[in-house]
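Okay, handing you the structure first.
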Protein chains: 2
Amino acid sequence: MRFDDSNRNAMSRGRRSDMPTGVATIVDVAREADVSTATVSRVLNGTSGVSADRAGRVRDAAERLGYVPCGSARALRRQQATVWAAIVPDIANPFFTALVRGIEDVARVRNHRLVLCNSDEDLEREASYLDIVIAERMAGVVIAVASNRDSSLAPLVERGVPTVAVDRRPAGSRLDSVVVDNRSGAAEAVTHLIASGCRRIACISGPRRVSTSTERLDGYRDALVAHGFPVDRALVRRADFKEDGGYRATRSLFESGAPPDALFIANNPMAVGALRALRELDLAVPRDVALVAFDDSPWTTLTTPELTVVAQPAYEIGRVAAELLATSSDARPARTIVLSPTLVVRASSTRTPVESRRRA
Amino acid sequence: MRFDDSNRNAMSRGRRSDMPTGVATIVDVAREADVSTATVSRVLNGTSGVSADRAGRVRDAAERLGYVPCGSARALRRQQATVWAAIVPDIANPFFTALVRGIEDVARVRNHRLVLCNSDEDLEREASYLDIVIAERMAGVVIAVASNRDSSLAPLVERGVPTVAVDRRPAGSRLDSVVVDNRSGAAEAVTHLIASGCRRIACISGPRRVSTSTERLDGYRDALVAHGFPVDRALVRRADFKEDGGYRATRSLFESGAPPDALFIANNPMAVGALRALRELDLAVPRDVALVAFDDSPWTTLTTPELTVVAQPAYEIGRVAAELLATSSDARPARTIVLSPTLVVRASSTRTPVESRRRA
DNA sequence: GTGAAAGCGCTAACAC
DNA sequence: GTGTTAGCGCTTTCAC
């Protein structure tokens with residue numbers, strides 16, 4: 001079949017006129033500009049070596065027909081898409097949205113499209129998105145894994161898909177990654193609670209399968225041990241990093257015989273749940289319970305009292321990860337970049353001596 | 001070139017063994033299973049008419065090679081991808097994340113992929129995402145437009161891309177859409193403020209180009225007029241639907257000669273900014289200023305006082321929109337589905353008579 | 001039931 | 001500079 005005997009284009013170009021009604025292809029543009037498809041391709045891809053006259057005609061024709069090159073055909077031919085994927089476990093968590101903004105901004109500058117995928121902390125959904133990444137031959141992935149162990153990044157690595165891990169560090173894979181020093185951040189938070197006079201500090205951490213959970217819990221223990229406090233298993237809860245998990249963990253802590261006088265909560269959504277529980281239990285912060293949570297967010301200064309948090313440089317994590325992605329190559333060895341969190345002390349954790357010790 | 005003289009596959013299959021190291025194609029699977037590519041395709045697409053024996057061999061081979069069909073090639077051939085796009089103006093706004101969750105859940109059931117795009121209320125970014133939708137020949141779009149007028153959905157419509165508008169209603173296009181009754185919701189909120197004894201009710205709305213801004217402002221005016229209040233232009237601000245805009249509008253309202261005694265704020269991020277401003281100005285809610293905001297979110301019950309809001313059924317909007325998208329066809333006429341918002345009265349707007357009228 | 005082969009829209013050799 | 005042409009990997013007639 002030759003271009004000129006194709007009747008496809010009669011259809012794709014509307015009934016009577018030259019108005020682009022269907023989908024214009026490169027062939028339509030070529031015919032409209034009276035050049036070859038190669039020339040069209042060259043003009044539209046900025047390849048040099050086309051006369052100004054013809055280039056102008058091509059651009060006009062493309063404009064007139066509302067031509068948008070077909071991404072699939074292009075990707076198929078080039079064996080490479082320009083799309084990046086960001087896979088995060090919770091799109092409603094401000095930490096991850098800020099992180100995504102960081103990726104986005106780099107992607108735009110680098111001329112990459114970014115699509116966002118929400119794994120919802122679910123391995124199956126994550127796997128299905130990883131399949132898409134492979135199927136669409138995407139140009140790169142930034143991922144906060146749903147699990148350090150089971151997240152099967154292996155297929156990506158095997159196929160040489162540039163991949164950067166953020167926030168959570170997948171076990172055993174030699175990948176570029178950008179994380180924060182969770183352990184120190186947590187230790188600093190708990191040390192601060194100790195300094196505020198808290199004695200029974202509870203920790204609500206996340207699921208075992210996620211590195212940040214474990215590291216933040218380790219930091220909590222470090223601080224207790226460093227100050228000669230016992231590490232009481234009854235004061236530790238593993239929740240799911242979601243609001244309801246934080247709520248239930250908090251209730252369970254206070255419904256036990258010996259309630260805590262402080263809460264260290266390992267992420268933002270769980271802090272929302274915890275605060276809800278404390279309201280219901282009619283417990284005042286910081287008088288009855290002091291509180292420090294991981295991750296800052298827009299609303300943490302709107303509560304009464306304002307929340308003390310371990311703030312992560314979320315936007316920066318995303319930005320750095322995307323830069324790493326943009327410059328990734330088999331040549332250079334995998335890098336792990338560790339950024340530092342910052343303890344932001346506000347009213348929820350500062351207790352005057354006279355106020356404390358209400359409960360033994 | 002025939003299949004068997006292709007040396008591409010030698011490369012794509014690793015150095016020595018059958019281990020899938022590069023990217024396996026349908027040809028690899030066909031060879032491995034000793035069938036034709038047509039048969040592989042039939043098996044993997046569930047087309048009937050393949051013997052159990054061969055089907056089994058194909059599945060085994062695909063499994064063994066870690067074969068993932070190439071989305072571009074498939075889309076190119078089928079002239080249709082299965083991907084849906086959701087384009088929203090602010091990914092950090094809980095309203096939109098909830099809405100996206102609604103879309104996601106339907107997409108999964110309907111076997112569509114969903115990618116998320118953040119237009120950031122920016123027409124240029126929105127346009128660039130619309131280009132992608134066209135370039136990738138996506139199967140459908142749910143969009144909350146950045147502007148009713150200028151959002152150029154026309155290319156989508158011309159090309160017959162199934163499109164559903166949510167939250168904001170694009171002017172003049174005959175599209176399926178799912179919105180809430182903003183005007184009534186706003187009127188109800190303002191009526192409630194009036195009933196609480198507020199006299200100088202200010203409104204912080206969004207940009208002119210967005211329908212929700214105008215509708216919520218109209219509702220505000222409706223309520224004032226209905227109760228014989230003057231509509232004072234000095235009490236109306238147009239901000240940008242973002243936190244800083246809410247902050248600045250609030251400061252400007254209170255730095256004017258005659259400050260309001262109540263604030264009606266047209267979305268959630270601006271409410272964050274407003275609350276921040278009120279804190280700085282040392283104004284107490286609801287004593288000095290009563291407050292009602294559009295959109296509920298996880299933190300609205302964590303502030304002191306809790307926030308009175310006009311809650312939208314965000315998840316439901318997304319769900320309905322996606323159902324509309326799934327069942328869209330040229331055959332049926334465009335539908336507009338209007339859902340109802342709910343006024344949730346909390347402490348930020350309820351003022352005891354004795355407390356009010358501090359300022360004339 | 002099964003395979004051969006055409007061709008989706010594009011880019012990149014390769015010819016001229 | 002410009003055009004011709006061979007496929008990228010897949011689905012889908014069309015023959016058998």
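Protein chains get the first letters and strands the later ones, always in sequence-line order, with residue 1 at the start of each.
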Please determine whether a side-chain nitrogen or oxygen atom of Thr25(B) lies at a distance below 4.0 Å from atom OP1 or OP2 of dG9(D).
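No.
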Taking CZ in Arg108(A) as the centre, count heavy atoms belonging to other residues, nucleotides or ligands within less than 6.0 Å. Is the count above 12?
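Enclosed: over 12 neighbouring heavy atoms sit under 6.0 Å from CZ of Arg108(A).
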Distances for protein N or O near nucleotides 12-16 of chain D N or O, under 3.5 Å:
| residue | atom | partner | partner atom | Å |
| --- | --- | --- | --- | --- |
| dT12(D) | O4' | Arg77(B) | NH2 | 3.2 |

Salt bridge (Lys or Arg N to Asp or Glu O under 4.0 Å) involving Arg319(A) - partner list, sequence neighbours excluded
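Applying salt bridge (Lys or Arg N to Asp or Glu O under 4.0 Å) to Arg319(A) gives Glu316(A).
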Integer-rounded Å distance: dG3(C) C1' and Arg57(B) CZ
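After rounding, the reported distance stands at 13 Å.
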Under the ring pair (Phe, Tyr, Trp, His ring centres under 6.0 Å) definition, can you give me all pairs with a residue in residues 110-132 of chain B, not counting sequence neighbours?
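Matches after skipping sequence neighbours: Trp84(B)-His112(B).
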Atom-to-atom span, CD of Glu136(A) to C1' of dG9(D) - whole angstrom
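The answer, rounded to whole Å, is 13 Å.
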Could you tell me the separation between the CD1 atom of Ile26(A) and the P atom of dA12(C), rounded to a whole number of Å?
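Spelled out: CD1 on Ile26(A) to P on dA12(C) is 11 Å.
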Which nucleotide in dT11(C), dT2(C), dG3(D) has an atom nearest any side-chain atom of Val35(A)
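When the side chain of Val35(A) is considered, dG3(D) is the closest of dT11(C), dT2(C), dG3(D).
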Provide, to the nearest angstrom, the distance between the CZ atom belonging to Arg74(B) and the C1' atom belonging to dG9(C).
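Value for this atom pair: 18 Å.
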I'd like to know if Asp28(A) pairs up with Arg64(A) as an ion pair, taking the criterion as any Lys NZ or Arg NE/NH1/NH2 lying under 4.0 Å from an Asp or Glu carboxylate oxygen.
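Judged by the 4.0 Å cut-off on N to carboxylate O distance, Asp28(A) and Arg64(A) do not form a salt bridge.
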I want to verify a distance call: between dG3(C), dG9(C), dC10(D), whose nearest atom is closest to the Arg54(B) side chain?
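The nucleotide sitting nearest to the side chain is dG3(C).
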Once you round it to whole Å, what is the distance between P of dG9(C) and CZ of Arg31(A)?
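The answer, rounded to whole Å, is 12 Å.
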With a 3.5 Å distance limit and no angle check, can you tell me whether Thr39(B) reaches the backbone of Thr37(B) through a side-chain donor-acceptor pair?
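No.
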Is the closest basic N to carboxylate O distance between Arg74(A) and Glu136(B) below 4.0 Å?
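Not counted as a salt bridge, because no side-chain N and carboxylate O are separated by less than 4.0 Å.
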Expressed as a whole number of angstroms, how long is the span from Arg137(A):CZ to dC10(C):C1'?
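It works out to 17 Å between those atoms.
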